[in-house]
Enquirer: 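Right, I'll just put the structure down here and ask away after.
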Number of protein chains: 2
Amino acid sequence: MSGSSRSISAEDTVRADGAASPSFSPLYAQIKALIIASLQSGEWKAGEAIPSELDLAKRFGVSQGTVRKAVDEMAAENLLVRRQGRGTFVATHAEQKVQYRFLRLMPDEGSESLERQLLDCRRQRAPAAIARALQLRTGDPMIEVRRILSSKGVPVVLDDIWLPGDLFKGLSTERLNLHRGPFYGLFETEFGVHMIRAEEKIRAVAADAEAACLLQVPLGAPLLSVERLSFTYGDKAVELRRGLYCTATHFYRNELN
Amino acid sequence: MSGSSRSISAEDTVRADGAASPSFSPLYAQIKALIIASLQSGEWKAGEAIPSELDLAKRFGVSQGTVRKAVDEMAAENLLVRRQGRGTFVATHAEQKVQYRFLRLMPDEGSESLERQLLDCRRQRAPAAIARALQLRTGDPMIEVRRILSSKGVPVVLDDIWLPGDLFKGLSTERLNLHRGPFYGLFETEFGVHMIRAEEKIRAVAADAEAACLLQVPLGAPLLSVERLSFTYGDKAVELRRGLYCTATHFYRNELN
DNA sequence: AAGTGGTCTAGACCACTCT
DNA sequence: GAGTGGTCTAGACCACTTG
C-alpha cells in the first residue's frame, strides 16, 4: 500500500474530551463498518461475491491483513461466507444447504424436510405489544402472516409472523405461495431485508383451543412457545415471530459453549 | 525463532496414501492441540494464567503469530480468556461474574440469583438409556444428584444429574452442600473435570405427580424439559442432566446467528 | 496459469496492567 | 518501566478453484 494512506487511522478517532478516550476503535473495526455499510446499501447482494481481499485493501488503503481481520469477524458472525480459492460471498438464507438457518427444531428420527402451508396474510394495525418490540408506534401498518409447517403430513409448527408494513410493501398471499424455500430468502431478494441475527424466548405453554385445533393436539397439550425477534444490519428489529412447536416427534436443539 | 525450528511443520503430516491427503493440518491447529493437551494434563489449572504468547512461541518453536491464532480460536471457544495487559487464563465455571455459564434461564423481571436446594445424592447403577448417552455400559457405577433451584423462595428448576462414578469418586451430599457456587466449579477444583461444551434437547412436557409436587405446580402443568449432555476435552461426554423448568416467571433465552 | 483465500513469519508500535 | 495482549504491516509461500 502507499505509504501515506492512513485516511482512517486509529489516531484520527475523535476524542470527546481530554479524559476517557472513546474506547479506541482499531482500523479493522472501521473497515468492518465500511463493509457492512456497503452490504446495507446493496452494493453487493445476497449470494454474490464481494471484492477480493487485495482489492478491498487497495480500496480502503490498508494492508491485506487488516481487511482479513475485518472479514474474519464478519465470517464468524455469518454475515459473509469464505470459500477458499473462490472468494468471499454475502451470506444468504436462500440458497443454503441447510434450509431454515434459524430453525432449531430437529426430528427425533429421520431428516425429512418440512412442508409449508399458508393460513393467512393480511394487513393489520400494530397492537401495542408488537409495536413496542419492533420500535414502532401502536397502530402503525403491519403485515401478519400465519402458517403451518408439517412433517409427513403431521402439523408440527404454528407460526404467527409480524412484519413492519413499510419495509414489506407488496407482500401478499400469492407472492408467498409462489415462492419456494424459506421466507427469509424471499425477504432478501424481493425486499432487500437481510436477517442477520435473532433472539428467542422459549417457554412451555398449554395449547389453547385454536392452537389445539390447528396442530391437531388435545386441548391443554404442552407446546413449546418460541418468541423470536429478528434483526437486520445495525441491530434494527424487523420481524417478530411467535412459534408454537409440537415436541412429541421433534425437539429444539441448542449448543452451549 | 531459530531458523531450523519446524519440529512439527505442516509438511511433516502423515499422508495415509497417495490419493486424498488427510485434509492438511495447519501448524496453529497442532499448537492448539498441544495447548489443549497441557490443559487436560492439568499443567495449568482452571483460573490460572498460561505462559505468555512469546514464551509459548519459544517453547513450540513457532512465531508469536502462530501461537496467537491458536489462542484466538481457543478464546473464541471459551476454553481460554484473554485479558489485555495481564495474560491469558484458563476459563473456569467457578469465579465467573455470570454464575451458571450454561444456564440460559432468565427471569422476566429483576435479576435475583437462584438459591440451591439439594434433594438427593446417591450411588447408582447406570440405567441403559443413561449409559448409552455417556458411552458407558449398563450397570456401570454412577452418581445421581437431584436438586431444586428457587427464585425468591419459589421453585423454578428441578434438576436430575447423572455422573460417571469413576470420575467423581468422593462426591457426597456433604461435599456438595459445603460448596458455594455452581457445581461445575466444584467439579473443576475437586475432580479436575472441566465442562467445555454441551448439547441441549428441549421439549415441552406435562408435569407428572412428582415434578408437580416438587415444583409446586398443578399436575399436568406445562414444563420445559431440558436434556443436557456435557463434554470435557476431547469431546468426551461426562454428564447427563435433565432439567424441568417452570416458565411462568422465567424463560429460556437463546441467540441465533 | 492465474486468482482466491489460508498459513506463517518478523518486526514495529500501541493499549493496558501491575509494581 | 517492564511485561502482556492487541494492532498493523509486508512479504513469502501453500491450498484450492477455475479457465
Enquirer: Mind listing the residues from residues 43-50 of chain A sitting with a heavy atom below 4.0 Å of DNA chain C? Number order is fine.
Expert: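 When residues 43-50 of chain A is checked for heavy atoms under 4.0 Å from DNA chain C, there are no hits whatsoever.
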
Enquirer: When you measure from the side-chain N and O atoms of B:T66 to the phosphate of C:dT7, is any distance below 4.0 Å, counting only OP1 and OP2?
Expert: no

Enquirer: Below the 4.0 Å mark, does C:dT7 have OP1 or OP2 next to a side-chain nitrogen or oxygen of B:K69?
Expert: yes

Enquirer: Name all residues meeting the side-chain contact (heavy atoms from CB on, under 4.5 Å) criterion together with A:T189; count only those two or more places apart in sequence or in a different chain, and write none if there are none.
Expert: none

Enquirer: To the nearest Å, give me how far apart CG (B:L27) and P (D:dA15) are.
Expert: 12 Å

Enquirer: Can you check the A:E73 CD to D:dC8 C1' distance for me, whole Å?
Expert: 15 Å

Enquirer: Can you check the A:I31 CD1 to D:dC8 P distance for me, whole Å?
Expert: 9 Å

Enquirer: Run the salt bridge (Lys or Arg N to Asp or Glu O under 4.0 Å) test against B:R253 and tell me which residues pass, sequence neighbours left out.
Expert: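 With neighbours one apart ignored, the set is A:E199, B:E255.
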
Enquirer: Using only modelled atom types and a 3.5 angstrom limit, is any donor from either the side chain of B:R68 or the base of D:dG5 paired with an acceptor on the other?
Expert: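 A donor-acceptor contact between them is absent.
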
Enquirer: Check salt bridge (Lys or Arg N to Asp or Glu O under 4.0 Å) between B:E95 and all other residues, then give those that pass, not counting sequence neighbours.
Expert: none

Enquirer: Taking OH from A:Y28 and C1' from C:dC13, how many angstroms apart are they, rounded to a whole number?
Expert: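 Atom-to-atom, A:Y28 to C:dC13, this comes out as 16 Å.
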
Enquirer: Looking at residues at least two apart in the chain, or sitting in another chain, which of them share a salt bridge (Lys or Arg N to Asp or Glu O under 4.0 Å) with A:R101?
Expert: none

Enquirer: Output every pair passing side-chain hydrogen bond (donor to acceptor under 3.5 Å, both in side chains) with a member in residues 37-51 of chain A, not counting sequence neighbours, ordered by first then second residue.
Expert: A:S38-A:E43, A:S38-A:R59, A:E43-A:R59

Enquirer: Between atom CZ in A:F24 and atom P in D:dG6, what is the gap in whole Å?
Expert: 12 Å

Enquirer: In whole Å, I'd like the distance from the CE atom of A:M74 to the P atom of C:dG5.
Expert: 14 Å

Enquirer: What nucleotide among D:dC8, C:dT7, C:dA10 has an atom nearest to a side-chain atom of B:P26?
Expert: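 From the listed options, C:dT7 comes nearest.
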
Enquirer: Flag the pair B:E200 and B:R228 as a salt bridge only when some basic side-chain nitrogen lies within less than 4.0 angstrom of an acidic carboxylate oxygen.
Expert: yes

Enquirer: Counting N and O atoms only, with roles assigned by atom type, does the side chain of A:R116 sit under 3.5 Å from a partner on the main chain of A:N177, one being a donor and the other an acceptor?
Expert: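 Not confirmed, A:R116 side chain does not pair with A:N177 backbone.
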
Enquirer: Whole angstroms only, please: what is the CZ-P distance between B:F60 and C:dT7?
Expert: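 Those two atoms, CZ and P, are 18 Å apart.
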
Enquirer: A:D72 has an atom CG; how far is it from atom P of C:dT4, in whole Å?
Expert: 17 Å

Enquirer: Quick one: which residue pairs count as a ring-ring contact (aromatic ring centres under 6.0 Å, His included) with a foot in residues 65-94 of chain B, not counting sequence neighbours?
Expert: B:H93-B:F102, B:H93-B:Y184

Enquirer: Holding to salt bridge (Lys or Arg N to Asp or Glu O under 4.0 Å), I want the full list of residues that pass it with B:D235, two or more places apart in sequence or in another chain.
Expert: B:R197

Enquirer: Dump every N/O contact between nucleotides 2-4 of chain D and the protein below 3.5 Å, one line per pair.
Expert:
{"residue": "D:dG3", "atom": "N2", "partner": "B:G85", "partner atom": "O", "Å": "3.0"}
{"residue": "D:dT4", "atom": "O2", "partner": "B:G85", "partner atom": "N", "Å": "3.4"}

